[in-house]
Protein chains: 2
Amino acid sequence: MTHAVDALAALAQETRLKVYRLLVEAGPEGLSAGLIGEELDLPPATLSFHLAHLARSGLVRSRQEGRFVIYSADFQNMNALVGYLTENCCGGRACAPSTLRKRKTA
Amino acid sequence: MTHAVDALAALAQETRLKVYRLLVEAGPEGLSAGLIGEELDLPPATLSFHLAHLARSGLVRSRQEGRFVIYSADFQNMNALVGYLTENCCGGRACAPSTLRKRKTA
DNA sequence: GCGTCATTTCCATTATTCTGGAATCGTGGA
DNA sequence: TCCACGATTCCAGAATAATGGAAATGACGC
């Protein structure tokens, strides 16, 4: 529960959402902090603040690679979050909102 | 984009997340404001503030029914949000994080 | 060890959000 | 019309989050 709130709060901010989506697009290889900052044109302190926030939330991982710190999206945790949000949907009864069934999430 | 941030911000708060999950569980019929407040033990002003927030975000709908206002989860918008978050996953390349593929979301 | 470059921490300022009591609005029944 | 009740708005105080410059940390090559 607290985890979910943290994860959602991490994404509920324009800059962090941009960072996150950039990392989702980048895939498991991830991107260095520097590249992200360049791409989104952010001052280092601001970027670091937001990256730390995302990492704390579990939605993003970081690994050191030489002088760089590489960030990447944690797809498992994102998936757990989505699961949590739709848990017990419609109290187990047949679920009218059909759109929820169609997902295959490429 | 702004929509996504609003939706995420709406859920990124313990009380609102509880309300939302309650409504997901309740299904399309929804629950009256009063019932929600009773269930979660919230003062009316606080509850109203959070319900308004959720409704503004589009994740929750409200309809008047006699003297009651009934709130219900908007499953379509939630689904759109999830889609947005995983858009362009891994830049279109074969997607290593397999967990994302398995979802069928009952 | 020393300079360089990537990233983070420190800090103060500014802005935003949460909370809940009291007053108000709106609907329906008597 | 008047009352009762459900829900919302108003307001102000308290708490929390975002921003970015400057200084500190850490890693590598020489």
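Just so we're clear, the structure is a prediction, and the values are computed from it rather than from any experiment. Each chain gets a letter, A, B and so on, in the order the sequences are listed, and its residues count up from 1.
Between the CD atom of Glu65(A) and the CD1 atom of Ile70(A) there is a distance of 4.5 Å, given to the nearest 0.5 Å. The distance from atom CD of Glu39(A) to atom OG of Ser32(A), rounded to the nearest 0.5 Å, is 11.0 Å.
We find that CZ of Arg56(B) is positioned 9 Å from P of dC18(C), with the value rounded to whole Å. Counting to the nearest Å, the P atom of dA7(D) and the CD atom of Glu65(B) are 11 Å from each other. Rounded to an integer number of Å, the gap from Leu31(B) CG to dA7(D) C1' is 15 Å. dA17(D) atom C1' lies 13 Å from atom CG of Asp6(A), rounded to whole Å. Taking atom CZ on Phe68(B) and atom P on dC5(D), their separation rounds to 11 Å, with Å as the unit.
If you check dT27(C), dT8(D), dG20(C) against the side chain of Thr46(B), the one that comes closest is dG20(C). Checking dG20(D), dT19(D), dA22(C) against the side-chain heavy atoms of Ala45(B) singles out dA22(C) as nearest. In this structure, the nucleotide among dG20(C), dA7(D), dT19(C) sitting nearest to the side chain of Phe49(B) is dT19(C).
Of the N and O atoms on the side chains of Arg63(B) and Tyr71(B), not one donor lies less than 3.5 Å from an acceptor on the other residue.
Among the heavy atoms of the strands lying under 4.0 Å from Ala33(B) are primed sugar atoms or P, OP1, OP2 only; no base atom is included. Note on Pro43(B): only backbone sugar-phosphate atoms sit closer than 4.0 angstrom, heavy atoms only; bases stay farther off.
In this structure, His50(B) reaches the dT19(C) phosphate: one of its side-chain N or O atoms is under 4.0 Å from OP1 or OP2. Contact annotation: Gln64(B) side-chain N/O to dG28(C) OP1/OP2 distance is not under 4.0 Å. Taking 4.0 angstrom as the limit, Arg16(B) places a side-chain polar atom (N or O) nearer than this to OP1 or OP2 of dC18(C). Of the side-chain N and O atoms in Tyr71(B), none sit less than 4.0 angstrom from OP1 or OP2 of dG6(D).
Ranked by how close their nearest DNA chain D nucleotide is to the 5' end, Leu47(B) and Thr15(A) are led by Leu47(B).
Between the side chain of Arg67(A) and the base of dT7(C) there is no donor-acceptor pair of N/O atoms closer than 3.5 Å.
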